[in-house]
Amino acid sequence: MKINKILIANRGEIAVRIMKTARLMKIRTVAIKTVLEPNAMYLSFADEVFDNTEDVSEIPVFLDIEKLISIAVNTGSNAVHPGYGFLAESAYFAQKCLDNKIIYIGPSPDAIYKMGNKMIARRLALKNGIPMAMGSEGNISNEEEAVKIAERIGYPVIIKAASGGGGRGMRIVRKSEEMERMFITASKEAEKAFNDPSVFIEKYIENPKHIEFQILGDTKGNIIHLGERECSIQRKHQKLLEEAPSCALDINLRKKMGSMAVQIARAVNYYSAGTVEFLLDSDRNFYFMEMNTRIQVEHPVTELITGIDLIEQQIRVANKEPLQIKQEDVKLKGWAIECRINAEDVQAGFAPNPGKIEKLSMPTDSYIRVDTGIQEGSSIVSSYDSMIAKLIVQGKDRKDAINHCKMALDKVWIKGTKTTLPFFRLLVRNQKFLDGTFTTAFIEKDLDRFYYNSEYEEMLAAWLATKLFVDENLQESSIGSGSDNDNDMSPWLLNKRINQF
Amino acid sequence: MNDKPRIDKLYTLSSENRKFSFSLPLRNKIRIGKRVYEVQLKSDEKYGTYILWKNRKYPVEIIRSRQNKYEILFNDISYIFTVETPFSLQRMKVLNSTRVKAEKEIVRAPMPGKIIDVLIREGSTVLRGEPLVILEAMKMQNEIQSPVNGTVTKVNTKANTNVMKEDVLVEIKVE
Amino acid sequence: MDLSGKSYKAFLERQEALRKQYSVKQAEKQHSKGKLTARERISLLFDEGTFEEIDAFVTPANQPVEFGKVERTYGDGVIVGHGKVNGRLVFAFAQDFTVMGGSLGYVHAKKIVKIQEMALKMGTPIIGMMDSGGARIQEGVASLSGYASIFNNIIHSSGIIPQLCVIMGPAAGGAVYSPALTDFVFMVNHTSYMFVTGPNVVKEVLNEDVTFDELGGAEVHGSKSGVAHMIYDDEENTILALKKFLAYLPSNNVENPPVVADENSTPDINEKLRDIVPDDPNKAYDVKEIIQLIVDRNSFFETAEMFAPNLVTGFARLKGKTIGVVANQPKVLAGVLDINSSTKGARFIRFCDAFNIPILTLEDVPGFLPGKDQEHAGIIRHGAKLLFAYSEATVPRITVILRKAYGGAFIVMNSKSLGGDFSFAWPTAEIAVMGPDGAVAILYRKELLESKNPAEMKKELVKKYRDKIANPFIADELGYIDEVIDPAVTRQKIISAFSALSNKWVKVPSRKHGNMPL
């Protein structure tokens with residue numbers, strides 16, 4: 001069976017992204033219209049739109065497996081692409097698709113399950129000789145065990161949720177006195193977020209860099225890596241800016257880490273696109289963290305330096321085609337940087353700033369790529385996410401890319417919400433960022449403020465405030481009295497009013 | 001007999017106490033060193049409202065204006081300004097030197113209800129008007145706002161707690 | 001006449017003496033406290049060169065008893081006169097704290113009375129700038145009677161000419177009734193205060209320590225007592241705001257307010273209005289956002305902002321014409337009506353009615369604030385004031401129901417049956433005897449008790465209630481609402497409705513006056 005119609009089980013920019021490639025491959029796409037965003041941009045890119053606005057259930061459709069399967073069947077889609085987030089790492093969803101004879105554009109349910117469970121992933125890494133941070137053998141059942149294991153590993157340690165990431169169920173513990181309390185908090189948080197209170201413990205690596213490798217595999221057992229991405233610019237485990245490649249890696253380290261990434265992928269017979277995450281410490285030791293069994297938000301930077309369309313590759317693999325690219329064919333050319341422009345207030349600690357995008361104008365220079373699902377008039381719906389657009393720039397080397405980034409940031413025009421643009425403007429002028437010596441602790445520790453404004457901006461804003469004050473208060477106007485205005489008051493009325501007293 | 005305290009200059013103060021002075025009548029020109037540049041406030045269909053300065057457009061939005069206080073969003077950064085006349089500036093100095101300013105501000109529940117959400121934590125800096133907690137009462141979600149600029153020193157409540165009228169919710173150190 | 005002649009020389013000498021009295025040194029006394037002098041305040045208020053002073057040279061009365069010294073000064077501590085404010089004739093007085101502490105003596109009072117009487121004859125607004133130590137002790141009962149005459153005149157002019165008061169210094173003891181009786185009180189933060197009994201006496205009688213600011217500062221009167229309506233941080237802003245405020249009001253109760261040129265800057269149709277009221281009825285929003293989108297740009301001037309913030313009152317303009325706005329504020333106390341908001345609204349409405357200002361009411365009220373505090377303090381009486389004020393008003397009255405309109409509160413907020421001229425409702429409106437939760441609990445009490453899943457059942461019943469009973473279309477079909485409108489066209493609808501009502505005239509019943517609950 002070959003894919004002829006894909007149901008996109010997602011929305012926003014990734015839905016648009018998938019549809020663009022599908023169109024090039026002459027594959028039809030189906031998008032789902034929801035009541036929260038009936039006029040979203042992604043709907044206009046699809047060949048067919050399934051109207052789900054009548055659905056008043058509490059569960060959003062993108063998390064409703066039954067509903068999604070029925071929509072796929074209903075619309076005659078023989079493939080589903082989950083995008084990222086939502087159900088993209090649900091082994092159950094992947095399996096249900098297969099059970100219903102729908103091609104799942106992603107890895108096998110088995111691979112998703114194994115890599116989704118941090119304990120299983122760790123065991124596999126251990127078995128395959130992949131370097132890892134020392135940690136607990138399995139999930140920790142209670143506070144006493146937690147304390148014991150932590151003593152063995154040596155503080156500082158980090159408690160992590162077995163079934164999920166993104167910072168939830170995660171706690172760094174530096175002293176044994178805190179362990180009991182942190183364990184309980186982390187467990188509770190994990191249960192709330194992932195319905196599974198299981199946590200495990202690892203040695204906490206101080207101020208590492210977050211380096212991840214893009215993996216691509218086919219159903220015939222061929223697995224290659226497409227180089228790394230530098231994702232250390234994060235805030236509370238949310239990535240803000242990503243680069244490809246990373247200036248922390250040289251050819252040898254890249255080869256070493258790349259082959260480890262391929263090895264762990266092979267351990268679960270991985271196919272389709274995936275990402276293996278590592279932590280790199282200051283001594284250039286790397287440790288396997290986890291594998292993400294889906295396409296990632298920051299995939300464009302890899303695409304720009306390798307010239308490979310990852311979504312296209314995913315679809316081909318799902319069609320059981322063998323990979324046409326060999327590891328030695330993969331060449332990393334130039335440098336790419338992605339800035340995630342979100343509707344957040346950087347002056348209020350990146351607090352979400354939802355609203356309607358009144359004006360949106362993105363630069364179109366040749367070194368710029370914009371991936372977005374937002375157009376003028378779109379509202380940022382806080383129940384989904386706060387992303388406005390991904391601004392991706394290219395350069396012949398890192399310095400060139402940063403320079404292009406600087407120029408591009410000043411050409412972006414967004415009105416309607418506050419955005420993270422001032423943060424990126426600061427970043428591209430920050431010495432540590434320019435030197436490439438930043439780690440994941442960069443935002444918390446090395447920045448004293450999160451925004452940049454050029455020399456005269458505050459003064460111009462002050463001028464505007466002054467102008468408003470003058471216009472409102474200091475204009476001497478002649479208003480005149482009520483009676484010598486042609487006020488449409490008839491003498492009759494005047495007469496009546498006077499006579500009533 | 002007319003002795004007007006002639007207002008010939010205005011001082012615009014930023015929230016970080018930077019002072020900008022502008023002579024009146026206010027012109028569309030600003031002097032930097034020896035040169036004078038033109039500044040204009042414009043608005044059109046494509047860009048919305050913007051300031052034109054040295055051939056570059058800057059997006060601008062007037063978020064809030066109250067009496068002589070203005071919150072301006074300029075190129076994605078918000079600034080809060082107070083526009084003062086020379087006399088009111090002098091007055092501010094006189095008052096600041098003689099008045100005893102409150103050190104601590106205690107925010108209490110204005111009515112009984114349930115705290116649904118706590119939006120700040122110990123150490124958060126807050127601005128006057130910024131929401132601190134959401135209190136559900138009368139079947140409605142009410143924002144309890146900070147009455148002052150300052151730093152939160154104590155959070156006396158948490159989500160899903162019932163509170164009585166006048167219960168202390170948050171303590172703020174006035175900046 | 002020979003300029004060097006004797007009579008002319010005397011004239012010039014007197015001018016010089018007056019100038020000397022208001023020397024820079026005198027001004028310093030005020031400036032060092034962060035206050036302006038009375039003359040400076042007058043200059044700021046009136047258009048340049050238009051102020052004509054009256055009785056500049058009067059001297060204090062001879063005291064009945066020699067008790068303490070009274071300086072021989074000109075003016076007796078107050079400057080009175082007339083001039084133009086933004087081109088309009090206005091009378092004003094400004095108490096001069098640098099002359100005998102601005103204390104009120106017999107002559108001081110007579111000067112004020114003089115311009116009060118003139119203002120009444122000319123049908124022009126009168127503005128009082130208070131900055132006074134109080135009654136002049138040395139003059140005894142003469143100063144007390146001076147106050148009484150002033151109060152009397154305020155009362156006789158009340159509702160005939162707008163009377164505004166600005167507190168720019170102390171106003172204590174009997175003096176406070178002057179502002180209390182006027183239409184609107186402006187107050188300057190930190191350098192002015194009002195109280196009936198000062199901290200010294202409080203300490204003596206109650207042994208309680210309290211500062212001037214705590215007892216009767218601007219914040220107190222702006223947010224707790226409701227005596228002051230507009231508070232500003234400095235004097236210049238206060239006076240500039242006063243001038244702006246005056247432009248909304250007519251000169252007297254026979255004329256219409258001035259019409260300002262409207263630059264057509266507010267679109268008549270605005271889709272943003274559809275997005276403001278959230279779908280979730282338990283979520284609050286800021287009604288002032290709606291007001292800003294309906295009225296002429298930047299024309300909303302809020303009064304008593306910090307007092308009873310659950311009800312928003314203020315003036316605004318529609319196509320240049322003044323209207324009064326009364327709106328429930330869901331962001332505060334869920335927008336319920338309570339004692340303070342009822343009295344705030346009632347006074348505002350009666351002012352508008354007295355001065356031919358049409359009233360726009362924006363309604364989203366779930367009811368009255370429950371509780372022993374309110375009941376014992378008389379919410380019944382006070383709520384009735386609001387009802388009385390609305391019904392009594394003969395100016396054009398339009399209501400737009402934005403969301404909730406339940407029970408007694410619905411009736412009180414200018415319903416058609418109370419004589420409201422036009423009532424519009426947004427599709428989000430819920431008009432009913434009581435809110436869905438309460439109603440369902442009562443109507444289906446038995447069924448809910450017997451149900452296996454009461455929570456689920458209640459949810460369904462609430463939905464049914466909203467659809468079948470509480471929706472505005474029923475009220476529309478029964479004629480209690482004139483039209484359910486698209487929020488985007490609210491401004492357009494209101495303008496055309498007010499325009500239809502511009503010649504409204506209703507005969508007032510012939511009686512001395514009603515017996516409004518007080």
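Just so it is clear: chains get the letters A, B, ... in the order the sequence lines come, proteins before strands, and each one is counted from 1. What you see below is based on every heavy atom in this structure, not just the backbone, and it leaves out hydrogens, waters and symmetry mates.
- Contact annotation for A:Y452: only backbone heavy atoms (N, CA, C, O) come within less than 4.5 Å of a heavy atom of chain B.
- Using a 4.5 Å heavy-atom threshold, the side chains of A:E458 and B:F81 count as touching.
- B:Y70 OH to A:L468 CG: the interatomic distance, rounded to the nearest 0.5 Å, is 6.0 Å.
- The two residues B:T12 and A:A465 make their nearest non-hydrogen contact at CG2-CB, 4.4 Å.
- Residue B:L10 touches chain A through its side chain alone, counting heavy-atom pairs closer than 4.5 Å.
- The contact between A:T417 and chain B is made entirely by backbone atoms, counting heavy-atom distances below 4.5 Å.
- Side chain of A:K415 to backbone of B:P59: no donor-acceptor contact under 3.5 angstrom is found.
- In this structure, the separation between CD on A:E457 and CH2 on B:W53 is 11.5 Å, given to the nearest 0.5 Å.
- More than 12 heavy atoms of other residues, nucleotides or ligands lie within 6.0 Å of NZ in A:K411, so this atom counts as buried by the packing criterion.
- Proximity to chain B involves both the backbone and the side chain of A:D410, based on heavy atoms less than 4.5 angstrom apart.
- Neither the backbone nor the side chain of A:E358 comes within less than 4.5 Å of any heavy atom in chain B.
- Counting heavy-atom pairs closer than 4.5 Å to chain A, the top-ranked of the candidates B:V83, B:L41, B:V60 is B:V83.
- Checking side-chain atoms of A:K359 against main-chain N and O of B:T49 turns up no donor-acceptor pair under 3.5 Å.
- A donor-acceptor pair under 3.5 Å links the side-chain atoms of A:W463 to the main chain of B:R27, judged by distance alone.
- In this structure, no portion of B:L119 lies under 4.5 Å from any heavy atom of chain A.
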> Would B:D76 and A:Y451 count as a side-chain hydrogen bond (donor to acceptor under 3.5 Å, both in side chains) if you check the C-alpha gap in whole Å, the side-chain angles of each, and the deciding distance to 0.1 Å?
Replying inline: CA-CA 9 Å; B:D76 267 315; A:Y451 58 91; over 6 Å; no

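- Using a 4.5 Å heavy-atom cutoff, the side chains of B:L26 and A:F469 are not in contact.
- In this structure, A:L460 and B:I30 have side chains that are in contact, with non-hydrogen atoms separated by less than 4.5 Å.
- In the displayed structure, B:K54 atom NZ is contacted under 6.0 Å by more than 12 heavy atoms of other residues, nucleotides or ligands.
- Here the CD atom belonging to B:E61 is positioned 11.5 Å from the NZ atom belonging to A:K418, to the nearest 0.5 angstrom.
- Rounding to the nearest 0.5 Å places CZ of B:R56 at 13.5 Å from OH of A:Y456.
- For an aromatic pair to be called close, the ring centres must be under 6.0 Å apart, and A:W413 with B:Y47 satisfies this.
- Contact of B:I62 with chain A is made through the side chain alone, with heavy-atom distances under 4.5 Å.
- Within the model, atoms CG of A:L421 and CG of B:N75 stand 8.0 Å from one another, a figure rounded to the nearest 0.5 Å.
- Both the backbone and the side chain of B:K57 come within contact range of chain A, with heavy atoms under 4.5 Å apart.
- If you measure heavy-atom distances from B:F74 to chain A, the contacts under 4.5 Å come from both the backbone and the side chain.
- Annotation: A:N195, atom CG; neighbour count of heavy atoms from other residues, nucleotides and ligands within 6.0 Å does not exceed 12.
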